[in-house]
Amino acid sequence: MPYPGDEYVDIVGMDRYTSGGGESEYNANDGWENLMSTGKPVALAEFDPGENDNVSYLTPEGGRVYTYTCKNMLEDFKAMMAKGHKISYFETWTWSRSCGQLTDCEILMNDPIIFTRSDMLEYWNNN
């Protein structure tokens, strides 16, 4: 879809899946550059380790355990930032592919580049 214009848009975003599917694979095209050129805040609107990719094993109950971890997600975010990409926020899938369900969630959420709800409350209470 073409960009409708600044008068209609407050924030722009795209999806990224580790399998390379979805709206964009950030390494494969200039999608982030196009979004950043709008001057609007850019979101990683949906982030997912991929339904059939990165599965290390299935649990006895049939659940999936992913080899892609939140530490990998953080490394991806830092690689994007190193390329000059700015992310205003990100959203992971829910259930077994959510940030809270992937391994190393604490590493991601405690990294200085991540600004959490607690950080926001502290910021507002001190400013």
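Two residues are said to be in side-chain contact when any heavy atoms from C-beta on lie closer than 4.5 Å; E91 and L44 fail this criterion. The closest side-chain heavy-atom distance from V42 to Y89 is not below 4.5 Å. With a 4.5 Å cut-off on side-chain heavy atoms, I113 and L74 count as touching. When side chains are defined from C-beta on, K78 counts as touching D111, because their heavy atoms get closer than 4.5 Å. Taking the side chain as every heavy atom from C-beta outward, I107 and C70 never approach each other to under 4.5 Å.
Considering all non-hydrogen atoms of both residues, I114 and L108 come closest at CG1-O, 3.1 Å. When every heavy atom of K86 is checked against every heavy atom of M36, the shortest pair comes out as N-SD, 3.4 Å.
Residues forming a side-chain contact (heavy atoms from CB on, under 4.5 Å) with Y123 (at least two apart in sequence, or on another chain): F115, N127.
Heavy atoms of other residues, nucleotides or ligands lying less than 6.0 angstrom from NZ of K71 number 12 at most.
Looking at L35, I87, V12, I11 one by one, the single match for side-chain contact (heavy atoms from CB on, under 4.5 Å) with P41 turns out to be I11.
Rounding to the nearest 0.5 Å places CG of L121 at 8.5 Å from OG1 of T116.
For residues 116-127, no residue pair satisfies the salt bridge (Lys or Arg N to Asp or Glu O under 4.0 Å) rule, not counting sequence neighbours.
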